[in-house]
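Here the structure is laid out as structure tokens; the discussion comes afterwards.
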Amino acid sequence: MVDRRGDMLVNFRDIQAQSSKESRLKKNLFFRGGQLTDLTAEDKKILTDKFQIGKIYDFRGQEEVTTQPDVSLDGVNYENIDILASATSGNSGSLQDMIINATDIREAMMKTYESIVISESALEGYRTFLLDLLDQKQAVYFHCFAGKDRTGFAAALLLRLSGASDEEIMKDYLKTNSARKEVNQEIINAVKATLTEDQIEGLQIALTVDKNYLLHAREIMNKHFGSFEGYLREGLALEKDYMEYFQALYLNQKA
């Protein structure tokens with residue numbers, strides 16, 4: 001497990017670490033985390049040499065990417081998939097939107113997770129992500145700003161596809177709070193002089209995840225598509241045998 005502070009490898013982990021033997025997800029293939037800015041030489045070696053990341057998926061919006069671009073890594077492909085491009089409510093997941101919505105953050109976060117499940121850009125984006133994984137057959141890194149919402153939902157999808165239980169999925173999702181504890185405080189300290197007390201309190205909430213957010217996403221998924229399988233077929237327009245192909249590629253086969 002590798003958790004780093006600062007704007008480096010923050011909230012970085014192999015999602016397989018939370019997966020049970022029953023799910024059989026292979027190790028060192030799916031890595032999640034935060035934006036890849038200001039990486040040290042050591043950070044770059046962790047990604048390229050130790051874990052041999054072949055592709056990076058960046059789920060951030062265009063403004064986020066422009067103002068805080070990922071570093072370029074030799075031999076590593078990069079793709080930006082703006083998950084919340086078409087979202088009309090909630091927040092984009094950026095730090096700026098977290099501050100703007102800080103005084104009513106819980107409602108904004110619930111709306112954000114609705115957008116993550118049913119907005120046009122999210123459906124198109126996660127479809128693109130999941131389809132591309134069938135062609136990768138190499139380690140990948142996927143992220144947004146903090147690696148918690150857009151990224152957390154993507155990790156939940158992959159774990160669900162692998163056969164992980166709801167408990168295991170939630171365990172990976174909530175690990176973000178401990179992984180980002182120190183860097184979240186650094187962010188608060190850097191901006192608190194310009195914020196009200198209510199905004200500071202709201203930002204503290206916005207920088208963490210809550211199990212109710214992911215549960216709400218599941219409720220929205222079931223409401224609109226009937227089930228996870230329905231979400232894959234109707235929402236993402238994936239072939240009915242997508243899960244079978246995914247598992248053949250990324251799961252250890254039963255003995």
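For clarity, every value in this text was computed on a predicted model and none was experimentally measured.
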Notebook entry, point to check: Between Leu159 and Asp172, is a side chain to side chain contact (heavy atoms under 4.5 Å, CB included) present by the stated rule, with each step listed?
Noted result: CA-CA 9 Å; Leu159 287 169; Asp172 174 73; 3.8 Å; yes

Check: Between Asp149 and Tyr113, does a side-chain hydrogen bond (donor to acceptor under 3.5 Å, both in side chains) hold up when you go through it step by step?
Finding: CA-CA 8 Å; Asp149 302 313; Tyr113 273 77; 2.5 Å; yes

Note to self: Within this structure, what is the CZ-CZ distance for the pair Phe31 and Phe51, rounded to the nearest 0.5 Å?
What the structure shows: 4.5 Å

Next item on the list: Enter the distance from Ile105:CD1 to Gln199:CD here, rounded to the nearest 0.5 Å.
Entry: 11.0 Å

Next item on the list: Not counting sequence neighbours, which residues clear salt bridge (charged side-chain N to carboxylate O under 4.0 Å, His left out) with Lys55? List them please.
Entry: Glu79, Asp132

Check: How would you list all residue pairs meeting salt bridge (charged side-chain N to carboxylate O under 4.0 Å, His left out) that involve residues 153-164, not counting sequence neighbours?
Finding: none

Notebook entry, point to check: Does Thr208 reach the main-chain N or O of Asn177 with its side chain, forming a donor-acceptor pair under 3.5 Å?
Noted result: no

Next item on the list: Decide side chain to side chain contact (heavy atoms under 4.5 Å, CB included) for Glu219 and Asn222; before the verdict, give the C-alpha distance in whole Å, the side-chain angles of both, and the deciding distance to 0.1 Å.
Entry: CA-CA 5 Å; Glu219 290 172 357; Asn222 291 336; 6.0 Å; no

Next item on the list: Could you tell me whether a side-chain N or O of Asn80 sits under 3.5 Å from a main-chain N or O of Arg60, the two making a donor and an acceptor?
Entry: yes

Note to self: Donor-acceptor pair, distance only, cut-off 3.5 Å: does the side chain of Gln136 make one with the backbone of Leu133?
What the structure shows: no

Check: Do other residues, nucleotides or ligands put more than 12 heavy atoms under 6.0 Å from the CD atom of Gln185?
Finding: yes

Next item on the list: Run through Ile83, Ile81, Leu157 and flag the one making a side-chain contact (heavy atoms from CB on, under 4.5 Å) with Phe129.
Entry: Ile81

Next item on the list: Please test Leu195 against Val191 for side chain to side chain contact (heavy atoms under 4.5 Å, CB included), starting from the C-alpha separation and ending with a verdict.
Entry: CA-CA 7 Å; Leu195 304 179; Val191 300; 3.8 Å; yes

Notebook entry, point to check: Are Leu25 and Leu161 close enough, and set up right, to give a side chain to side chain contact (heavy atoms under 4.5 Å, CB included), and what steps lead you there?
Noted result: CA-CA 9 Å; Leu25 185 63; Leu161 284 165; over 6 Å; no

Note to self: Between the side chains of Arg218 and Asp166, is the shortest nitrogen-to-carboxylate-oxygen separation below 4.0 Å, so that they form an ion pair?
What the structure shows: yes

Checklist line | Expected output: side-chain Asn189 to main-chain Glu186 donor-acceptor under 3.5 Å | finding: no

Checklist line | Reported CD-to-NZ distance for the pair Gln247 and Lys26, which is rounded to 0.5 angstrom | finding: 12.0 Å

Note to self: Give me the atom names and distance for the closest heavy-atom approach of Ala155 to Phe142.
What the structure shows: N-CE1, 3.7 Å

Note to self: If I take atom CG from residue Leu131 and atom CZ from residue Phe246, how far apart are they, to the nearest 0.5 angstrom?
What the structure shows: 12.0 Å

Check: Which heavy atom of Ala122 sits nearest a heavy atom of Ser115, and at what distance?
Finding: CB-O, 3.4 Å

Notebook entry, point to check: For the residue pair Tyr126 and Phe59, does the interplanar ring angle fall in the parallel (under 30°), tilted (30 to 60°) or perpendicular (over 60°) class?
Noted result: perpendicular

Notebook entry, point to check: To the nearest 0.5 Å, what is the distance between CG (Leu174) and CG (Asp210)?
Noted result: 8.0 Å

Note to self: Using side-chain hydrogen bond (donor to acceptor under 3.5 Å, both in side chains), reason through Tyr78 and Asp58 one step at a time and then give a plain yes or no.
What the structure shows: CA-CA 8 Å; Tyr78 170 91; Asp58 185 346; 2.7 Å; yes

Check: So Thr176 and Arg13, side-chain hydrogen bond (donor to acceptor under 3.5 Å, both in side chains) or not? Walk me through it.
Finding: CA-CA 10 Å; Thr176 287; Arg13 59 187 177 276; 3.1 Å; yes

Next item on the list: Please report the C-alpha distance between His143 and Asp70 in whole Å, then the side-chain angles of each, then the deciding distance to 0.1 Å, and finally whether the side-chain hydrogen bond (donor to acceptor under 3.5 Å, both in side chains) criterion is met.
Entry: CA-CA 10 Å; His143 76 88; Asp70 279 358; 2.5 Å; yes

Notebook entry, point to check: Within a radius of less than 6.0 Å around CD of Glu244, do more than 12 heavy atoms belonging to other residues, nucleotides or ligands occur?
Noted result: no

Margin query: Within the 4.5 Å heavy-atom criterion, are Leu36 and Gln68 side-chain neighbours or not?
Written below: no

Notebook entry, point to check: Does a side-chain N-to-carboxylate-O contact under 4.0 Å join Lys44 and Asp74?
Noted result: no

Notebook entry, point to check: Has the side chain of Thr151 got a donor or acceptor atom that lies under 3.5 Å from a matching backbone atom of Gly147?
Noted result: no

Next item on the list: Decide yes or no for Phe12 and Leu47: does some side-chain heavy atom of the first lie under 4.5 Å from some side-chain heavy atom of the second?
Entry: yes

Note to self: What I'd like to find out is whether the side chain of Ile220 reaches to under 4.5 Å of the side chain of Ile116, using heavy atoms alone.
What the structure shows: no

Item checked: Flag side-chain contact, heavy atom, 4.5 Å: Arg233 against Tyr242 -> no

Next item on the list: Output yes when a side-chain donor or acceptor of Lys27 lies under 3.5 Å from a complementary backbone atom of Asp14, and no otherwise.
Entry: no

Notebook entry, point to check: Does a salt bridge link Glu64 with Arg150, judged by any charged N lying under 4.0 Å from a carboxylate O?
Noted result: yes

Next item on the list: Would you indicate whether Gln138, at its atom CD, is surrounded by more than 12 heavy atoms from other residues, nucleotides or ligands within a distance under 6.0 Å?
Entry: yes

Check: Which atom names give the shortest non-hydrogen contact between Ile188 and Leu207, and what distance separates them?
Finding: CD1-CD1, 4.1 Å

Notebook entry, point to check: Is the side chain of Ser119 donor-acceptor paired with the backbone N or O of Leu84 at a distance under 3.5 Å, no angle test?
Noted result: no

Item checked: Closest contact, heavy atoms only, Ser121 versus Ala85 -> OG-N, 3.1 Å

Notebook entry, point to check: Could you go step by step and tell me if Tyr141 and Phe30 meet the ring pair (Phe, Tyr, Trp, His ring centres under 6.0 Å) rule?
Noted result: CA-CA 6 Å; Tyr141 179 83; Phe30 299 119; over 10 Å; no

Item checked: Spacing of CD belonging to Glu63 relative to CG belonging to Asp82, to within rounding of 0.5 Å -> 11.0 Å

Note to self: Using side-chain heavy atoms (C-beta onward) and a distance below 4.5 Å, is Gln16 in contact with Asn28?
What the structure shows: no

Identify all side-chain donor-acceptor contacts of residues 223-232 below 3.5 Å with residues at least two apart in sequence or on another chain.
residue	atom	partner	partner atom	Å
Ser227	OG	Glu229	N	3.4
Ser227	OG	Gly230	N	3.0

Check: Short question: side chain of Lys137, backbone of Leu134 - any donor-acceptor pair under 3.5 Å?
Finding: yes

Notebook entry, point to check: Between the side chain of Glu168 and the main-chain N/O of Ser165, is any donor-acceptor distance below 3.5 Å?
Noted result: yes

